[in-house]
Amino acid sequence: MTSTVSFLTTKPHLIVIGNGMVGHHFVEQMIAQGGHEEFNITVFGEEPYLAYDRVHLSEYFTGKGAADLAMTDGSLYNEHGVRYFTNSLVTEIDRAAKQLLLQNGDSLSYEKLVLATGSYPFVPPIPGHNRENTFVYRTLDDLDAIRACAKQVTRGTVVGGGLLGLEAANALKNLGLETSVVEFAPRLMPVQLDEKGGSVLKEMIEGLDVKVYTDTATKEIVDGESAFHRMNFADGSHLETDLILFSAGIRPQDALAHQSGLTVGERGGICVNNHCQTSDEDIYAIGECALWNNRIFGLVAPGYAMAKSAAGHLLAHLLGNAGVTFTGADMSTKLKLLGCDVGSVGDAHAQSQGCKVFVYQDEISQSYRKMVVSEDGKKLLGAVLVGDNSYYDTLLQYYLNAIDLPEQAQALILPAMGDAPVGLGVDALPATASICSCHNVSKQDISDAVCSGALSVGDVKGVTKAATGCGGCAALLKKVVDNELLALGVEVSTDICEHFAYTRQDLYNLVKIGEIKTFNELLKTHGKGHGCEICKPAVGSILASVWNDYVLKKEHISLQDTNDRFLANMQKDGTYSIVPRIPGGEITPDRLIVLGEVAKEYSLYTKITGGQRIDLFGATLPQLPEIWEKLIAAGFETGQAYGKSLRTVKSCVGSTWCRYGVNDSMKMAIDLENRYKGLRSPHKIKFAVSGCTRECAEAQSKDIGVIATEGGWNLYVCGNGGMKPRHGDLFAKDLDDETLVKYIDRVLMFYTKTADRLQRTSVWMDGLEGGLDYLKDVVIHDKLGLCGELEARMQHVVDTFQCEWKTTLEDPEALKTFRQFVNYEGSDNNVVFVEERDQMRPATELEKQQLIAKVG
Amino acid sequence: MTMPWKLICKKEDLVEGAGVAAIVNGEQVAIFYVPESDNQVFAIGNWDPVGKANVLSRGLVAHLQEQWVVASPLYKQHFVLASGQCLEEDISVPHWLAKLEGGEVFIAVN
Ligand SMILES: Cc1cc2nc3c(=O)[nH]c(=O)nc-3n(C[C@H](O)[C@H](O)[C@H](O)COP(=O)(O)OP(=O)(O)OC[C@H]3O[C@@H](n4cnc5c(N)ncnc54)[C@H](O)[C@@H]3O)c2cc1C
Ligand code: SF4
């Protein structure tokens, strides 16, 4: 950029300083309302990255990369002519000349300016605070530095026991450090929690091996004896630690406002009005740097609301009104800290005039809940939850919408007894109820979206953006959408089909508990009618995964889809393709030759699949058993490419051949494939194993991904390729062989047991309340006490494996069904092949007609 | 008038709850054996007019809206076994009367 940037057009110049979450949202809002046509927009950000999701920053330590957290890759800006500069600190505003000065000396003039400079972490000026190995927790660069240091050391301490401090402590723990938290106040999360809530939380967190020091002031930080630092406390005691992370609050980044003489608050923050204008009407401030009504809002939702009001005001002439104003925001929060639920709504400290309080406390399961109600007991003013956030959504809605409390209001925080529903039905919510506060989506907005054709949660998310911010409202959103669909008369039945009023999971349990072995038995006891193409294969799959019986037994035959019935994949012309198992993609030259010979003999079209196997196309029904006889004689097994079951375990050669490999991924892949090959599951499942983090086998795009590390294996779960690709989530790190297999057993069996029909692992996990964390609780911490059973079930499947083709070839009854015609020894004359690139392929309709014309 | 019943195959050639294919007067016919139904056996054309292949005999037999149907293995349309009518689209496939008698399967041809 030169020092005199001029534009060819005469559009006024709008500059946004700061490209954090709120600055980015502002640009999005401008673009959405056509603001890029009105203004030349330029964005400056100090960080080396474009805006990223700071709210989910901690996921940077649990498998997400910078690209996953990015809120834009710049294409939105490029497409709409918004210029952006990263690594660009704005150092001065000259309001008189309406010019900006950048750190690199450039200057630039503006007509309108938006400050979205966020805040910076406050580091208490304790002597020694700027020693080496001290950090803050705000940016991707901060996290890189923390990660690098954590690799070298064993002990970490967070100064500050607020919301962010506890989140940071969790991160240190995840990095494998012995972790402590030092809080100056007498309790944890002093802003959100009352004393009792804070102490329950403290107990829970100590139970997780994090040391908590409350009421503790640090006097100085000096060289340690057994560790890098020693923190000397005011009471004379001390703590030795290698790494210190300051999380003692944030301060609005208002340096430019001070420099240019804008009005700022006593304790910082750029003063703004309801349109988010500062004391200079051409300059706006939004997000965490802005001070409205003497308050700073340290959450993303209020920042988004400010962005919206500033954009509306800037475009008022265009829109014909001044848009929405910013009039404060709700600061209720819920979150999971170190695995503990914490929630705070409204007036958590019961400071309102005349208010009354209900408290529920359970010292056995460690939970604490408090409700603050108005003097007349009619309205909810605030609440505190520790240990179980399932009460949060309902309480928040009572609070936000000032809904009259029910007669026995205390029931709202009492544990559910029997089956009495306590929650507030979504029906009771007024149309104006805010469902997603990040994107300000009301119940009415959702209802409108459903009415105009968004008939699933996914669609509604797409249209309204609800649940795409912090994600806290996902469960509530689903309820509202279901309710709206119901109101429209769209049935949201979870029944599998008209024959069974049950979900797949219910049927699984019925089969297991009732020891039911056939479809007819299940239909007689729990269903009605005669079954259909939905419930038959689903039950077939359940019977197979519970009892692992031969699928072509007489009583099971009619349950199978054509592919399962004929143990091959039907192609468009009614012929089949054959995929023998090639575990891990490893194959001897001799076997490769057998495949070649068979393919040649039967003129099969031959192709290598994405799963490192070989697919032979164009076999007719009667050819299937003949071909398999040859394949089995050569030592092949069925690849079950036709079933909803384990497909392949893709692998790289790993440490046996690759110079980078750190472990034998080949052997692991083969072992895993052989272990799980018999499992029938709700949907097909794919695995991959990579020999090092270069990830040549693309394990992170599979249902189960395994990557070798110096310390063992990292396990990723619930990824997939296909129509909606999704990266797997890091589930556990540095596992030994035995634990790896144990975890996979449990995850797969839990999935098989609880997923819906044709539900992929990713969708299944997202649907579990609590998602990945919940799955970890079940599989790693055995929260449901199920692990023993899951492993035993899997072992049964492993022990009773049979190659379905081998069994079929031994069974004359089953072989009978592979005849093309029951009364004629000929072939289907509609199956016509032509040659292309030296192989056979099905003829097109046109080619068939021409061929027939020639013959005739 | 007596029906021109034609012997197609033995009962053992059928598969319970599913279909098999036969050739009748040069035409491909799908024959279904549904023991729970009143009629026991059904015969419709084997040609799937949507998928354009001879595959209906290899579809899954289902009971929907009080009728026995077969779901095409290619694109899953349902065809009523008794009439050949497609439930999703305004098309149908040929159908024949069929009977099971003395362990043998007959269909009516004209
Ligand atoms: C670990 C963590 C967890 C959090 N969890 C939650 C949560 O669960 N829920 C929630 O609502 N909120 C949460 N927050 C808070 C949320 O991230 C912030 O409210 C939000 O990011 C504020 O957005 P902002 O754009 O105002 O500020 P920021 O995101 O801080 O962006 C400001 C940007 O401006 C840049 N900048 C500053 N000065 C200049 C300058 N002079 N020139 C150029 N660029 C400049 C900064 O480098 C920065 O990139 C969390 C924050 C952290 C750190
Ligand atoms: S993932 Fe690692 S070990 Fe495997 S091939 Fe790639 S570089 Fe080699």
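First the proteins, then the strands, lettered A, B, ... as listed; each starts at 1. Side chains are part of it too, since the values below use all heavy atoms of this structure and drop only hydrogens, waters and symmetry mates.
Proximity to chain A involves both the backbone and the side chain of B:E12, based on heavy atoms less than 4.5 angstrom apart. Only the backbone of A:L559 comes within contact range of chain B, judged by heavy atoms closer than 4.5 Å. Of the atoms belonging to B:I31, not a single heavy atom falls under 4.5 Å from chain A. Contacts between B:A22 and chain A at a heavy-atom distance below 4.5 Å involve backbone atoms as well as side-chain atoms. Neither the backbone nor the side chain of B:S37 comes within contact range of chain A; no heavy atom of the residue lies under 4.5 Å from a heavy atom of that chain. Proximity to chain A is absent for every atom of B:K10, based on heavy atoms less than 4.5 angstrom apart. Neither the backbone nor the side chain of A:E813 comes within contact range of chain B; no heavy atoms are under 4.5 Å apart. With a threshold of 4.5 angstrom between heavy atoms, A:D828 approaches chain B through its backbone and through its side chain. With a 4.5 angstrom heavy-atom cutoff, A:E533 touches chain B via backbone and side-chain atoms both. Heavy atoms closer than 4.5 Å to chain A are found in the side chain of B:V15, but not in its backbone.
Ranked by heavy-atom pairs under 4.5 Å with chain A, the first of B:N46, B:I23, B:D13 is B:I23. The candidate with the highest count of non-hydrogen atom pairs below 4.5 Å against chain A, out of B:V55, B:V69, B:L64, B:V20, is B:L64. Contact count against chain A (heavy-atom pairs under 4.5 Å) is highest for B:A21 among B:A21, B:A53, B:G51.
Salt bridge absent: A:K848 and A:D573 never bring a charged side-chain N and a carboxylate O closer than 4.0 Å. A salt bridge does not link B:K6 to B:E27: none of the charged side-chain nitrogens sits closer than 4.0 Å to a carboxylate oxygen.
Within 6.0 Å of NZ in A:K816 there are more than 12 heavy atoms belonging to other residues, nucleotides or ligands. Heavy-atom contacts from other residues, nucleotides or ligands closer than 6.0 Å to CD of B:E66 number 12 or fewer. Sparse packing is recorded around CD of A:E825, with 12 or fewer heavy atoms of other residues, nucleotides or ligands lying under 6.0 Å away. The environment of A:Y824 atom OH is sparse: at most 12 non-hydrogen atoms of other residues, nucleotides or ligands sit within 6.0 angstrom.
With ring centers used as reference points, A:Y642 lies 6.0 Å or more from A:W805.
For B:K99 (side chain) and B:E104 (main-chain N/O), no donor-acceptor pair under 3.5 Å exists by modelled atom type. Put simply, the side chain of A:R819 never gets that close to the backbone of A:L815: no donor and acceptor are under 3.5 Å apart.
Test B:V70, B:I44, B:D48 against B:V93 for side chain to side chain contact (heavy atoms under 4.5 Å, CB included) and you get one pass: B:I44. With A:D564 as the partner, the salt bridge (charged side-chain N to carboxylate O under 4.0 Å, His left out) test is satisfied by one option alone out of A:R680, A:K644, A:K536: A:R680. Screening B:V24, B:L97, B:I8 for a side chain to side chain contact (heavy atoms under 4.5 Å, CB included) involving B:V109 leaves a single residue, B:V24.
Of residues 72-86 of chain B, those residues with a non-hydrogen atom less than 4.5 Å from any non-hydrogen atom of chain A are, in numerical order, B:P73, B:L74, B:K76, B:H78.
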